[in-house]
Asker: 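Pasting a structure here, questions to come.
One-based numbering along the sequence shown.
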Amino acid sequence: MADLHIKINRDKGGIAGQIASELRDSIRGGRLTPGTRLPATRDLATDLQVSRGVVVEAYEQLVAEGFLVSRVGVGTQVTPKNAARANSRPRNPVPVRPKPARRSPNTPVCAPYYGHRPTSPDLSHFPRERWLAAVRHVLTTVPSDALDYGDPGGVPELREELAGYLRRVRAADVRPENLVIVGGVAQGLSLVLHVLTQQRPLRLAVEDPTSHRQVPLLRRAGAHLVPVPVDEQGLDVRKLSGDAVLVTPAHQFPTGVVLSPPRRAALMEWVYAGNRAILEDDYDAEFRFDRDPVGCLQGLAPDRVILSGSVSKALAPGLRLGWVAAPPDLAEAVRRARGELDLGSPVIEQYALAHFLRTGGYDKHLRRMRREYRRRRDALVQALAEELPEVRVKGIEAGLHVYLELPGRWDESRTVRVAQELGLSAEPVGPMRDAAGPPAVVVGFARLPAHKAAEAVRGLKVRMSGQIVD
């Protein structure tokens, strides 16, 4: 079933009508294509934090208008162009509950380490059976020629499915021909910067603080970095300078703030005031918990914004599957650069992801993991509030990590080391951060089971109490 991007003005009232209007516009605009299966009323009501009756009313209105059809055993879907086409769409494979993993007798019985990056997902929840079903489908249906060298821009079927998904879920303005399949956001950014720096020297504005892992990548790609501070509303656009800017507007890394509407408008003014570009890193926007969905910047300015995303947070980093959505000329240049680099991404995995998207497996997995990650986040935040109230917790509305501002006497490096020893996934903030600010660390919760959160935080409290440095 489809995940949806629906905006609601709760102060305006008439929520059912707003939902119906959003869905109606999405169908008319092509974001929701014929035959797309919509979420169950209970699931959508939970996502939007409204009563189920409100969603039922919106669905019934659109069924009456002919935009939707609803059948027992099938659910609610966008009215197909014709019955034959609707019936020809692949069905979801029957879900199989994964068998519990067996611990090897040689595995040391010690404190588990729940991930090396705060943004890493819980890989034990990777949908193995459904992914295996997708790979089997590919290997039994695609022609042999499909396994040859292909378009370095990516398999057409995947670009078609991704374009629909990004329009539907991220409110993007993208067509398949403007998408390039890459080996993750890191490679996508490298390729884009390679193309841009071939045209002229590039001064790239970056958020401060930022991901310390990205800084070497950006510099190696030839960009001169210009730090721009981040506050409670996101990037401070008033202090922007440079030829382009790299932003994480839906969930800033590492602070977790969302770029506010006034800042978005100011950023649009900045980019159109000169021959500038926005590089949008949409790294974990699918995971939202306490706020309405936020559309991507690319949907506001598709001629100036280059959108990068991947399945690394939603499925697994090891798949190395991502995408770049860019204006036509730039997308073609990135496609050529990809061909010159390594001839493109593995095709079997691309076809498998296309099948996974088309059959609804991707949306279903995201819904399940969103619920699980919310439980884990709640457990960590509650434990921090009870045991370490002097630690200020930020950025909890979405994503897979929290941003912790530490007491002034705490040392960042020691805090990270102690946290890791206790099984927490932790990192110091990026090296570009203003040294005058409070010490801070990033802590991931995706790999921290809810029942382990209190124990880990209590251990952190004991180990850090009254200590500054080793």
Side-chain angles (χ1 to χ4, degrees), residues 3 43 46-47 49 97-98 100-101 103 110-128 211 248 250-258 283-293 310-318 362-389 391-406 415-416 418-427 429 440-461 463:
D3 208 358
D43 289 337
T46 299
D47 282 353
Q49 299 181 31
R97 184 176 297 277
R103 184 172 60 85
C110 58
Y113 182 60
Y114 302 112
H116 295 281
R117 298 190 183 187
T119 55
S120 293
D122 185 347
L123 300 180
S124 68
H125 283 276
F126 180 79
R128 292 174 182 260
S211 168
T248 51
H251 187 233
Q252 199 273 335
F253 187 88
T255 67
V257 301
V258 178
Y283 69 102
D284 69 354
E286 290 98 340
F287 296 112
R288 62 185 187 277
F289 309 116
D290 302 321
R291 61 167 171 78
D292 292 333
S310 76
V311 299
S312 294
K313 309 302 182 289
L315 291 176
Y362 191 74
D363 286 325
K364 184 172 184 178
H365 175 71
L366 280 175
R367 287 180 176 279
R368 182 167 67 95
M369 296 314 301
R370 196 179 292 140
R371 291 191 293 269
E372 178 60 30
Y373 290 148
R374 179 170 189 156
R375 283 193 289 269
R376 299 184 183 194
R377 182 214 59 173
D378 289 348
L380 177 60
V381 171
Q382 180 180 351
L384 287 166
E386 294 174 352
E387 301 290 342
L388 290 169
V391 173
R392 188 178 180 190
V393 184
K394 293 184 173 182
I396 66 172
E397 291 84 5
L400 302 179
H401 73 275
V402 293
Y403 183 82
L404 305 183
E405 287 188 354
L406 307 175
T415 302
V416 168
V418 170
Q420 291 178 348
E421 291 170 358
L422 292 168
L424 293 169
S425 174
E427 287 183 355
V429 299
V441 297
V442 185
V443 175
F445 53 80
R447 296 192 182 189
L448 178 66
H451 67 280
K452 290 287 187 180
E455 177 185 350
V457 173
R458 281 194 295 269
L460 184 64
K461 177 181 180 180
R463 296 278 299 276

Asker: Can you tell me how far OH of Y373 sits from CZ of R447, rounded to the nearest 0.5 angstrom?
Answerer: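 Those atoms lie 8.5 Å apart.
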Asker: When rounded to the nearest 0.5 angstrom, what is the spacing between CG in D43 and CG in D363?
Answerer: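 Reported value, rounded in 0.5 Å steps: 11.0 Å.
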Asker: Could you report the tightest heavy-atom contact between L400 and T119, atom names first, then the distance?
Answerer: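 Of all heavy-atom pairs spanning L400 and T119, the closest is CD1-O, 3.5 Å.
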Asker: What's the separation between atom CG in L384 and atom CG in L460, rounded to the nearest 0.5 Å?
Answerer: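 If I round to the nearest 0.5 Å, the distance is 8.0 Å.
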Asker: Quick check for you: to the nearest 0.5 Å, what is the distance between Q252 atom CD and S211 atom OG?
Answerer: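 The distance works out to 10.0 Å.
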Asker: Measuring only between side-chain heavy atoms, which start at C-beta, is M369 closer than 4.5 Å to F287?
Answerer: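 M369 vs F287: side chains touch.
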Asker: Less than 4.5 Å apart, side chain to side chain, heavy atoms only: is that true for F253 and V442?
Answerer: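 Yes, close enough: below the 4.5 Å cut-off.
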Asker: Using atom types as modelled and distance alone, determine if a side-chain donor or acceptor of Q420 lies under 3.5 Å from a backbone N or O of A426.
Answerer: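 The answer is yes, because a donor-acceptor pair under 3.5 Å joins these two groups.
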Asker: Shortest non-hydrogen contact from Y362 to A314?
Answerer: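 In terms of heavy atoms, the two residues are closest at OH-CB, 3.2 Å.
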Asker: Can you confirm whether P317 sits close enough to S310 that some side-chain heavy atom of one is under 4.5 Å from a side-chain heavy atom of the other?
Answerer: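 When only atoms from C-beta onward are counted, S310 and P317 do not touch, as no gap falls below 4.5 Å.
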Asker: Do E397 and V258 come within less than 4.5 Å of each other through their side chains, counting heavy atoms only?
Answerer: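 They are not in contact (no side-chain heavy atoms under 4.5 Å apart), so the answer is no.
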Asker: Not counting sequence neighbours, which residues clear side-chain hydrogen bond (donor to acceptor under 3.5 Å, both in side chains) with H251? List them please.
Answerer: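 In terms of side-chain hydrogen bond (donor to acceptor under 3.5 Å, both in side chains), with neighbours along the sequence ignored, H251 is linked to Y283, D284.
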Asker: Evaluate the criterion side chain to side chain contact (heavy atoms under 4.5 Å, CB included) for residue pair E421 and R463; output intermediate values, then yes/no.
Answerer: CA-CA 11 Å; E421 291 170 358; R463 296 278 299 276; 2.6 Å; yes
Asker: Between H365 and L315, is there a donor-acceptor pair closer than 3.5 Å when you use the side chain of the first and the backbone of the second?
Answerer: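 Not at all, since once roles are kept as given, no pair shorter than 3.5 Å links the two residues.
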Asker: Do R367 and D47 have side chains that approach each other closer than 4.5 Å (heavy atoms only, starting at C-beta)?
Answerer: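 Side chain of R367 against side chain of D47, heavy atoms only: contact under 4.5 Å found.
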Asker: Could E405 and K394 be called an ion pair, given the rule that one side-chain N must be under 4.0 Å from one carboxylate O?
Answerer: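 A salt bridge is present here (some side-chain N lies under 4.0 Å from a carboxylate O).
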Asker: Can you tell whether the side chains of E372 and R375 come within less than 4.0 Å, N to carboxylate O?
Answerer: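 Judged by the 4.0 Å cut-off on N to carboxylate O distance, E372 and R375 do form a salt bridge.
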Asker: Could you go through V441 and V429, starting from their C-alpha distance and side-chain angles, then the distance that decides it, and tell me whether this counts as side chain to side chain contact (heavy atoms under 4.5 Å, CB included)?
Answerer: CA-CA 5 Å; V441 297; V429 299; 5.8 Å; no
Asker: How long is the straight-line distance from CZ of R377 back to CZ of F289, given to the nearest 0.5 Å?
Answerer: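 Between F289 CZ and R377 CZ, I get 6.0 Å after rounding to 0.5 Å.
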Asker: So, do D122 and R376 sit near enough that their side-chain heavy atoms are less than 4.5 Å apart?
Answerer: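 Of all side-chain heavy-atom pairs linking R376 with D122, at least one is under 4.5 Å.
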Asker: For A385 versus P389, what's the shortest heavy-atom pair and its separation?
Answerer: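 Closest approach of A385 to P389: O-CB, 3.7 Å.
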Asker: Run the salt bridge (Lys or Arg N to Asp or Glu O under 4.0 Å) test against R371 and tell me which residues pass, sequence neighbours left out.
Answerer: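 Checked R371 against salt bridge (Lys or Arg N to Asp or Glu O under 4.0 Å); zero matches.
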Asker: Can you give me the closest heavy-atom contact between P118 and S425, atom names plus distance?
Answerer: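 Closest pair (atom of P118, atom of S425, distance): N-OG, 3.2 Å.
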Asker: State, yes or no, whether a side-chain contact exists between F445 and L424 at a heavy-atom distance under 4.5 Å.
Answerer: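 Side-chain contact under 4.5 Å: no.
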Asker: Just verifying a value: how many Å separate E455 CD and L448 CG, rounded to the nearest 0.5 Å?
Answerer: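 Spacing of CD (E455) from CG (L448) equals 10.0 Å.
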Asker: Would a 4.5 Å heavy-atom cut-off, applied to side chains only, mark P121 and L123 as touching?
Answerer: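 Counting from C-beta outward, P121 and L123 do come under 4.5 Å.
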